[in-house]
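Notes follow once the structure below has been shown.
Chain letters run A, B, ... following the sequence lines, proteins first, then strands; residues in each count from 1.
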There are 2 protein chains.
Amino acid sequence: MSAGRQKVDPSEQAFLAGYDASEFPHPSLAVDVVLLTVSEDGLRVALVRRDEHPCLGCWALPGGFVGMKESLDAAAARVLAAKARLKGVFLEQLYTFGAPARDPRTRVVSVAYYALVHPGRLTVADVAELQLGRVQVPWSGETGGPVAVLGADGEALRLAFDHAEVIGMAIKRIRGKLDYAPIGFQLLPPTFTLRDLQAIHEVILGRPLNKDSFRRRMLASGELQPTGEREQTVGHRPAELYHYVGRSARR
Amino acid sequence: MSAGRQKVDPSEQAFLAGYDASEFPHPSLAVDVVLLTVSEDGLRVALVRRDEHPCLGCWALPGGFVGMKESLDAAAARVLAAKARLKGVFLEQLYTFGAPARDPRTRVVSVAYYALVHPGRLTVADVAELQLGRVQVPWSGETGGPVAVLGADGEALRLAFDHAEVIGMAIKRIRGKLDYAPIGFQLLPPTFTLRDLQAIHEVILGRPLNKDSFRRRMLASGELQPTGEREQTVGHRPAELYHYVGRSARR
DNA sequence: TTAATAGTGTCTCTGAGACACTATGTG
DNA sequence: CACATAGTGTCTCAGAGACACTATTAA
């Protein structure tokens, strides 16, 4: 229930059957953001290096505590702006992780968000202690479970807390939403070819897609509008450039 | 991020860029459970009457605060056991609601869960101040948004806080998951006919379904096993009774 | 001209909807 | 018997996969 805990009178005590008064000190509340992007060699996630205990030297998702007068969405947006200098990107709540021992020091419940962005909008260099790890998904379909993340030199990164699970949950979610929500477009520049879009879908789903069927489905959706322009200098016949116009343009 | 807040040394201060130290008092953390069932006249949700301010006399979702050493899932299960005397029912996290002013007194962030149960397992009489309201969904498909809930005498109930939104989110979620997750079976007794199952699906989706196609789809899924028994005394040809055997039985 | 990819036309296969028909219970 | 619903067989239609073919650009 959503009652506050200012005055705990006997009637509220009775009302909250099963609630132990000794539990009144409440958990800390944080947000963690799974910032995903797709580069040429696959799916990538933004991680920051922890410079203190616990998990010193591990890599963690960008995160922060929720302010008292701040909505959860606002907290996630603030974290994204502070850690990755990003504003106005796709950002959606994912799941809330609250295992009692997920942080060994104290109780921290974390509301996880996921964000999607085109790599062109990301400038890793200007944010210290941030890297884009390569995500390795050890399951197919929407099975779910923890993932591995590889660093620049190909070795697996040590991930902090339950963040391997959190990233896995984000992958599972976007795989499920990919074919009915405008997710792929978030990972592309404003104008793109159908082949670009298919590559994004294949990277997210982790399997090849049928070219013909993909083209038909995308064009039939009415969410794409041809710009009349073509890609430049590609060494072969250039493809038409499209841009996303959303659901409303559907006839 | 999932760091605790025991010792806040300068390096952590720098690490948590954008985090204001004045915000350290953290929000209260609660769980609310959307307990849904399907009776003959439609979808129903369990509500408890608030007997104090704010929203005195309104109807609220069963809920409670999260204990310091209790997982979120455990808190939701505890609430369900305390308020509705239910154990072992389907229970899954839904969404976390954290608008700063959702509770007018103090900041309460609520992790919403939804539970599904067959009405035969519910005994409303033995729990005081609990009623099963009739859910009226004012949108179609998976549009989402708040719902209305009607009391026994047909008038709309005044719902506490943002609980109309929370229930709406639960409906949206189960509509989306209905055809790829074993949700319908949770709302039926262990043994049921295909017509029963179709009625459940129709109530959840809020629209009629094609009988032939529904039968084929369900039988082809391999998740149903005929018991060899038939329903009794129905005034016409009795239908075969099935029970749910899960995904593993798929060939 | 050749290489490489863009884009089209068409065939088949599968699943959903529609509908007719048969089967089997109660009153 | 009539009546109501269970359950089956079959036709059609729409979307996905497969594949052949044409189109268009760079080198």
Only residue of A:L91, A:L61, A:L80, A:V45 satisfying side chain to side chain contact (heavy atoms under 4.5 Å, CB included) with A:L35 is A:L80

* Asked: When we call it a touch if two heavy atoms are under 4.0 Å apart, what does B:R195 touch: a base, just sugar-phosphate, or nothing?
  -> sugar-phosphate

Among the nucleotides C:dA16, C:dG25, D:dG7, whichever has the atom closest to the side chain of B:S213 is C:dA16

Looking only at N and O atoms, is any donor in the side chain of A:R237 or the base of D:dA23 less than 3.5 Å from an acceptor on the other one? yes

- prompt: Is there a side-chain contact between B:E223 and B:F185, using heavy atoms and a 4.5 Å cut-off?
  reply: yes

Rounded to whole Å, the CD-C1' distance (A:E240 to D:dA23) equals 14 Å

inquiry  = Between A:T96 and B:T96, do the side chains contain a donor N or O and an acceptor N or O under 3.5 Å apart?
reply    = yes

Judged by nearest nucleotide, the residue sitting upstream toward the 5' end of DNA chain D, B:L241 or B:G235, is B:G235

Margin query: Does this structure show an ion pair linking A:E231 with A:R195, if we count only N-O contacts that are shorter than 4.0 Å?
Written below: yes

From CG of A:L219 across to C1' of D:dA16 the rounded distance in Å is 15 Å

In whole angstroms, the gap separating P of D:dA6 from CD of B:E229 amounts to 18 Å

> Does A:R216 get its side chain close enough to the base of D:dG17, under 3.5 Å, for a donor-acceptor pair?
Replying inline: yes

Quick note, B:H236 side chain, CB onward, closest among C:dA4, C:dG7, D:dT5 is D:dT5

Of the listed D:dG7, D:dT5, D:dA20, the closest approach to the A:D212 side chain comes from D:dA20

B:E231 atom CD is separated from D:dA4 atom P, nearest whole Å, by 16 Å

To the nearest angstrom, the CZ-C1' distance between B:R215 and D:dT5 comes to 11 Å

B:L194 CG to D:dG7 P, in whole Å, measures 7 Å

Of all heavy-atom pairs linking B:L157 and B:Q131, the shortest is CD1-NE2, 3.4 Å

Checking C:dA18, D:dT5, C:dA6 against the side chain of A:A239 (C-beta onward), the nearest is C:dA6

In whole angstroms, the gap separating C1' of D:dG7 from CZ of B:F214 amounts to 15 Å

query: Is a donor-acceptor contact shorter than 3.5 angstrom present between the side chain of A:K211 and the base of D:dG17?
result: no

Rounded to whole Å, the CZ-P distance (A:R230 to D:dA23) equals 14 Å

Give a yes/no on whether any side-chain N or O of A:R217 is located under 4.0 angstrom from OP1 or OP2 of D:dA16. yes

